Amino acid sequence: MNDFILYSIIGSVVLTVLLNALPLLFPKASDKLRQKIEEYSQRNAEQKYDPDQPDENKPKINIFFPWKAMLLGSLILTVLINLIAWLSR
């Protein structure tokens with residue numbers, strides 16, 4: 001059980017560091033993404049909105065994935081579980 005907790009903490013820290021380091025490893029990717037977002041927002045701002053005519057390029061379902069909140073929640077829960085396990089000894 002102690003090995004599992006140790007591996008869990010190490011895995012959480014490693015994944016957090018990797019996810020935060022990815023933009024540093026690929027700096028041009030974030031610039032390209034920013035440019036595409038600006039182009040998309042500019043194109044949408046120039047179009048007239050007509051609620052009777054659906055946009056063929058717009059997806060029919062909007063998906064929201066709160067990965068930052070999930071990562072933070074995972075880290076907090078890992079620390080809490082480890083603290084409870086340590087205090088229960």
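Quick caveat: nothing in here was measured; it's all calculated off a predicted structure. In what follows, every heavy atom counts, from backbone to side chain, and hydrogens, waters and symmetry copies are set aside.
In this structure Tyr7 satisfies the side chain to side chain contact (heavy atoms under 4.5 Å, CB included) test together with Asp3, sequence neighbours excluded. Every residue two or more places apart in sequence or in another chain that forms a side chain to side chain contact (heavy atoms under 4.5 Å, CB included) with Trp86 is listed here: Leu83, Arg89. Val14 meets the side chain to side chain contact (heavy atoms under 4.5 Å, CB included) test with Ile10, Leu18; sequence neighbours excluded. Every residue was checked against the side chain to side chain contact (heavy atoms under 4.5 Å, CB included) condition with Leu77, not counting sequence neighbours, and none meets it.
Taken to the nearest 0.5 Å, the CZ atom of Phe4 stands 10.5 Å off from the CD1 atom of Ile9. The CG atom of Leu33 sits 10.0 Å away from the CD atom of Glu38 when rounded to the nearest 0.5 Å.
In this structure, Ile81 shares a hydrophobic cluster with no other residue, the cluster being traced through Ile, Leu, Val, Met, Phe, Trp and Tyr side chains under 4.5 angstrom apart. Applying the under-4.5 Å side-chain rule to Ile, Leu, Val, Met, Phe, Trp and Tyr, the cluster around Leu25 extends to Leu19, Leu22, Phe26, Leu71.
Panel note: side chain Ser12, backbone Ser8; a donor-acceptor pair is recorded below 3.5 Å.
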